[in-house]
Amino acid sequence: MSYSGGFLLQLTQRCKILPNQMKQIHSLIITNGHLLHHSNAPSSSLSDQWMPTLLYNALIHADLIHERKVFLFTHMLANQAPPNSHTFPPLLKSSPLPVGTTLHSQTLKRGLLSDPFILTALLSLYARNHLLPHAHRVFEEFPRLCIVACNAMLSAFSINGHMEAAVEFLERMPQRDVFSWTTVVNGFALNGNFGASIRFFGKMMSHEDVVLGLVKPNEATCASVLSSCANLDNKVALECGKQVHGYVVVNEANLGVNVETSLIHLYGKMGCLSNAEKVFRVMVVRKVCTWNAMISSLACHGREKEALDMFEKMKLHGLKPSSITLVAVLTACARGNFVREGLELFRSMWQDFGIEPTMKHYGCVVDLLGRAGHVEEAAEIIRNMPFKPDVSVLGAFLGACRIHGAIELGEEIGKKMLNLQRPLGGTYVLLSSMNAEKERWDRASDLRREITEAGIQKIPAYSMVYLT
DNA sequence: TTAGGGTTAG
C-alpha cells in the first residue's frame, strides 16, 4: 500500500500544516525521487515506510477528524513507524472511551506512561467519561506534580460535580494560575450553581494571587463569570456583570469575541437591549454564537421582526446558522405570530442548512402553531415526531389547548404528561383551570384533590419589578 | 519542539 503525491498534498491542504512541517514533507518526497509541482501533478507514489514518526505525528495532530487520526495511527503501526510521546495526546483528546483505553494500554506497552503530556490526556479522557476514580489514579501516576496536571484534576472534579473537592484541592495547590481559578469558576456554572460561580470569582479577585498580581483574570474567566451572571437571572447578577464589564474595559485593550458575546447574552436576557445592541454594534469579529445571542435577545423581548431581520443579515455575512440559531428564529416566529415563515423555516431547515430538528425545534413549532390557534396542526406535528415528545413540547401544546379551549385534546396530552415523569404541580393546575373555565367543576376539583393526595407542592408563581 | 489544563449562544 502506498500514498500518492496527490493524496499527500490533499491531506496537507486539508490539515493546517505549518510551513516547516510542509518543508519536511516536501524534502521527504524529493529524497524519494518524486517532485510535487502543483495540485494536479501526476500521482507520484511515496512508499509509506519512508514516512517517519515525525510526519505521522504532524498529520495526526493537524487532522480534525478523529477517525482519520486513528486511521493514520494504524497506518503508522503497519508501517513500523514507532509512535512516541507526541503521537498519543492528540489521539487521546478526540477518543471515545473504548478507543482511549486501548491507547492507554499501548502507551503502557511502549513504556510511555510516565510522560506528563500523555498522563494529562489520559486523566482528561477518564474525567470526561465520568470515571473520576480512574482519573484520580492517573493523577497519582505523575512522576512530578505540575500545575497543568493539577488543573486537569480540578477540571475532573468539576466535570463530575465534586465542587467541594475542587475548591479544597485548589486551596491545597502549591500555586495556582488563571486556568486553575477559571476551571473552578466555570465548574460551579457547569453544575448549575451560578451564584457560587459568581462568589468564587469574587473570592478570586480578592485572593492574594490576584492582589499580588500573580494571576490576572483573562477572557475565559470573564466570559465564564458573565455567563453565570446571565444565568442567575436577578438584579444583583446584572450589577455584578456590569462590574465585570467595567473591569474588562479598564484592563483590556479589546474585549474579545467571547466576552462580548457573553455581555450580549447578559444584557439581552436582563432586558437591557440597548446595552446589548451597543456591544453588538462595535464588535469587530462576530461569531455564529454572537448572532445567536443577539437574535434570541430580540426574540424574547417583543422585537420579533428585528430578530428575523437580524437572521437575514447574519446569512448575508456568510455565516451558517446553527441549531441554536434556528431555535432563536423559530422562537421569534412563534412570539411574533409569523406562522407561515416559521413553518417554512422549520420544514426546510434540514435542506437549507443541514440542521436536523431537535426537541427544542419541535417545541418552538408546536408553540408557534398552538399560540396561533392551529391546535389540530400542532397535535399532528406531535404525532408525527420522530421521537417521543418531552414535557417542554407537551407543555407548549397544553398551554395552547388552554388558550383556545381545546379541552379534550388538552386532557389527553395532560394525562400523557402526568405519566411521563414525576407529576408536576403545574400540569395539574393547568388541567384543573382548563376544566374550571369550561365549568366542569367536578373534574376541576378532582384534579385539585389529586395534587394534595399525591403530596405535590405547587410552587407559587411570582412577579418582580426592578426599579432602576 | 508538531504536544497537556479553563471560554460564549437555547
Side-chain angles (χ1 to χ4, degrees), chain A residues 15-22 24-25 52-63 84-93 112 115-125 127-128 138-139 142 146-156 158-159 166 176-187 189-190 217-231 255-266 268-269 285-297 299-300 314 321-331 358-361 363-364 392:
Chain A
C15 311
K16 277 182 277 171
I17 301 286
L18 300 172
N20 60 338
Q21 293 175 325
M22 195 59 223
Q24 285 164 347
I25 295 168
T53 299
L54 183 86
L55 179 51
Y56 275 113
N57 285 355
L59 292 174
I60 289 175
H61 172 71
D63 207 303
N84 64 12
S85 60
H86 287 252
T87 316
F88 290 94
L91 270 168
L92 285 165
K93 202 173 175 182
L112 296 169
D115 179 83
F117 286 79
I118 291 180
L119 285 170
T120 310
L122 282 170
L123 201 167
S124 305
L125 168 82
R128 70 170 179 271
V138 173
F139 177 74
F142 275 86
C146 71
I147 195 158
V148 179
C150 292
N151 289 344
M153 197 59 230
L154 273 179
S155 172
S158 301
I159 292 168
R176 292 150 296 273
D177 63 8
V178 65
F179 282 81
S180 329
W181 287 100
T182 307
T183 303
V184 178
V185 169
N186 192 48
L190 271 179
N218 64 11
E219 184 176 0
T221 326
C222 296
S224 204
V225 73
L226 283 169
S227 150
S228 294
C229 293
N231 283 306
L255 305 189
V257 61
N258 295 323
V259 166
E260 289 166 324
T261 302
S262 302
L263 281 169
I264 292 170
H265 180 212
L266 172 74
K269 203 165 171 204
V285 182
R286 298 187 188 113
K287 298 203 290 191
V288 172
C289 60
T290 316
W291 290 88
N292 291 351
M294 199 61 237
I295 294 172
S296 59
S297 300
C300 295
M314 168 188 178
S322 70
S323 175
I324 292 161
T325 319
L326 267 293
V327 173
V329 178
L330 286 172
T331 305
T358 66
M359 192 69 82
K360 286 259 189 257
H361 301 105
C364 288
S392 73

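By convention in this document, chain letters (A, B, ...) are assigned in the order of the sequence lines, proteins followed by strands, and residues within each chain are numbered from 1.
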- For the side chain of N258(A), counting heavy atoms from C-beta on, which of dT7(B), dG6(B), dA9(B) is nearest?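 Closest nucleotide among those given: dT7(B).
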- Hey, does H265(A) reach any base, or is it just sugar-phosphate, or nothing, if we go heavy atoms under 4.0 Å?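 Sugar-phosphate only.
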- Message: I need the CZ-P distance between F88(A) and dA3(B), as an integer number of Å.
- Response: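 Those two atoms, CZ and P, are 17 Å apart.
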- Side chain of S322(A) (C-beta onward), nearest among dG10(B), dA3(B), dA9(B):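 Looking only at heavy atoms from C-beta outward on S322(A), the closest nucleotide is dA9(B).
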- Can you tell me the distance, in whole Å, between the CD1 atom of I60(A) and the P atom of dT2(B)?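 To the nearest whole Å, that distance equals 16 Å.
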- Task: Run the numbers on N231(A) and S228(A) for side-chain contact (heavy atoms from CB on, under 4.5 Å), then give the verdict.
- Result: CA-CA 5 Å; N231(A) 283 306; S228(A) 294; 5.8 Å; no
- Query: Roughly how many Å is it from CH2 in W181(A) to C1' in dG6(B), rounded to a whole number?
  - Reply: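 Taking atom C1' of dG6(B) as the reference, CH2 of W181(A) is at 14 Å.
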- Query: Are the ring of F117(A) and the six-membered base ring of dA3(B) within the stacking cut-offs of under 5.5 Å and under 30°?
  - Reply: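 Given the distance and angle limits, yes, they stack.
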- Message: I need the CG-P distance between L112(A) and dG4(B), as an integer number of Å.
- Response: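 Roughly 16 Å, once rounded to whole Å.
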- Message: Using a heavy-atom cut-off of 4.0 Å across all strands, would you classify S155(A) as base, sugar-phosphate, or nothing?
- Response: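 Counting heavy atoms under 4.0 Å across all strands, the contact made by S155(A) is with sugar-phosphate only.
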- Step-by-step side-chain contact (heavy atoms from CB on, under 4.5 Å) determination, C289(A) to I324(A): CA-CA 8 Å; C289(A) 60; I324(A) 292 161; over 6 Å; no
- Task: Tell whether N218(A) reaches the base of dG6(B) with its side chain through a donor-acceptor pair below 3.5 angstrom.
- Result: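 Yes, the side chain and the base share a sub-3.5 Å donor-acceptor pair.
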- Do E260(A) and T290(A) come within less than 4.5 Å of each other through their side chains, counting heavy atoms only?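 Answer no - side chains too far apart.
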- Query: Which is true for P90(A) with a 4.0 Å heavy-atom rule: it touches a base, it touches only sugar-phosphate, or it touches nothing?
  - Reply: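 The residue P90(A) makes no contact with any strand.
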- Using the side-chain contact (heavy atoms from CB on, under 4.5 Å) rule, take L123(A) and F142(A) through it: C-alpha gap first, then chi angles, then the decisive distance, then the call. CA-CA 10 Å; L123(A) 201 167; F142(A) 275 86; 4.1 Å; yes
- Message: Would you compute the distance between atom CG of L190(A) and atom CG of N186(A) and round it to the nearest 0.5 angstrom?
- Response: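 Nearest 0.5 Å value for the CG-CG distance: 4.5 Å.
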- Mind checking C222(A) for me? I need base, sugar-phosphate or nothing, with any heavy atom below 4.0 Å counting as a touch.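 The residue C222(A) makes no contact with any strand.
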- Query: Phosphate oxygens OP1/OP2 of dT7(B): is one of them under 4.0 Å from a side-chain N or O of S227(A)?
  - Reply: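 It does not, given that no N or O in the side chain of S227(A) lies less than 4.0 Å from OP1 or OP2 of dT7(B).
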- Message: Can you measure R128(A) atom CZ to dG4(B) atom P for me and round it to whole angstrom units?
- Response: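 The distance from CZ of R128(A) to P of dG4(B) comes to 13 Å, rounded to the nearest Å.
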- Which residues pass the salt bridge (charged side-chain N to carboxylate O under 4.0 Å, His left out) test with R176(A), sequence neighbours left out?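 With sequence neighbours excluded, R176(A) shows a salt bridge (charged side-chain N to carboxylate O under 4.0 Å, His left out) to D209(A), given in chain and number order.
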- N186(A) side chain near dT7(B) phosphate (N/O to OP1/OP2, under 4.0 Å):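 So the side-chain polar atoms of N186(A) do come within 4.0 Å of the phosphate oxygens OP1 or OP2 of dT7(B), strictly under.
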- Item | Distance below 4.0 Å between K93(A) side-chain N/O and dG4(B) OP1 or OP2 |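 For K93(A), the contact criterion (side-chain N or O under 4.0 Å from OP1 or OP2 of dG4(B)) is met.
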- Atom CD1 of I264(A) and atom P of dT7(B): how far apart are they, to the nearest Å?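 Rounded to whole Å, this separation is 20 Å.
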- Atom-to-atom span, CG of L154(A) to C1' of dT7(B) - whole angstrom: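 The distance from CG of L154(A) to C1' of dT7(B) comes to 16 Å, rounded to the nearest Å.
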- Query: So which nucleotide from dG10(B), dT7(B), dA3(B) ends up closest to the side chain of S296(A)?
  - Reply: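 Closest of the options to the side chain of S296(A): dG10(B).
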- Item | Near-parallel close stack of H86(A) and dT1(B) base (under 5.5 Å, under 30°) |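 It does not: the ring fails the test against the base of dT1(B).
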- Query: Rounded to whole angstrom units, what separation is found between the CG atom of N57(A) and the P atom of dT1(B)?
  - Reply: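 Computing the N57(A):CG to dT1(B):P distance gives 14 Å.
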